[in-house]
Amino acid sequence: PTDPPSPQEHGLDFERLLDASAYKERFRQDMIRWGEEKRRADPGFFCRAAVQGALQPVWVVSDTRRLSDVEWFRDAYGDVVQTVRVVATEETRKRRNWVFVTGVDDAESECGLDQGVAFDWVITNDGDEAALGEQLEELVQSLHRSL
């Protein structure tokens, strides 16, 4: 078998991996396998990569996927860490062309934070721009107050 792809190691088109295209789906399971191999060898591998060179007083690390990621940030940065979960109904996700794929969408990479984390913030993104804006504004104001 060939090594699972990573964009840098295997010459994949990074921009095309960011959308919901067939291109991304063709490599999705291999990317998950590659990520799992990296995490087994070094649970903090991706967390350290995310913060490398970050010097701003507030920064956002998007798309953590596992309890070990949240625990790493809490261990490294303590009480200043704010966890945010963005949720949408299954109906909304389907309207956005999401289709459940067994072995992918039920894997830890997709649902590893569904339990075991008490999020500081839960943002609902079901297509109501005004409601989303209000929630984000409240989050931003809270961050400003903590500076």
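No hydrogens, no waters, no symmetry mates; every other heavy atom, side chains included, goes into these values.
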Exercise. Which pairs with one or both residues in residues 137-147 pass side chain to side chain donor-acceptor pair (under 3.5 Å), sequence neighbours excluded?
Worked result: E137-Q141

Exercise. Taking D126 for the side chain and T89 for the main chain, is one N or O donor matched with an acceptor at less than 3.5 Å?
Worked result: yes

For this session: Please tell me if the side chains of R74 and T83 come closer than 4.5 Å, counting only heavy atoms from C-beta onward.
Result: yes

For this session: Using atom types as modelled and distance alone, determine if a side-chain donor or acceptor of R39 lies under 3.5 Å from a backbone N or O of G35.
Result: yes

Exercise. For the residue pair W72 and V51, what are the closest heavy atoms and their distance?
Worked result: CH2-CG2, 4.0 Å

Exercise. Should E90 and K94 count as an ion pair when the cut-off is N to O under 4.0 Å?
Worked result: yes

For this session: Any chance you could measure E134, atom CD, to E129, atom CD, to the nearest 0.5 Å?
Result: 12.5 Å

For this session: Could you pull out the closest heavy-atom pair between A88 and R96, with the gap in Å?
Result: CB-NH1, 3.8 Å

Exercise. Mind checking whether Y77 and F73 have parallel, tilted or perpendicular rings, split at 30° and 60°?
Worked result: parallel

Exercise. From Q82 CD over to F119 CZ, what is the distance, rounded to the nearest 0.5 angstrom?
Worked result: 12.5 Å

Exercise. Any salt bridge (charged side-chain N to carboxylate O under 4.0 Å, His left out) pairs touching residues 99-114, not counting sequence neighbours?
Worked result: R28-D105, R28-E110, R65-E110, R66-E108, R85-D114

Exercise. Do V122 and V117 share a hydrophobic cluster (ILVMFWY, side-chain heavy atoms under 4.5 Å, transitive)?
Worked result: yes

Problem set entry | Hydrophobic cluster (4.5 angstrom, side-chain heavy atoms) - remaining members for L139 | V58, V84, V86, W121, I123, L132, L136, L143, L147

Seminar exercise, completed: Output for pair (L113 CG, D69 CG), nearest 0.5 Å, gives 7.0 Å

Exercise. Would you say D42 has more than 12 foreign heavy atoms packed within less than 6.0 Å of its CG?
Worked result: yes

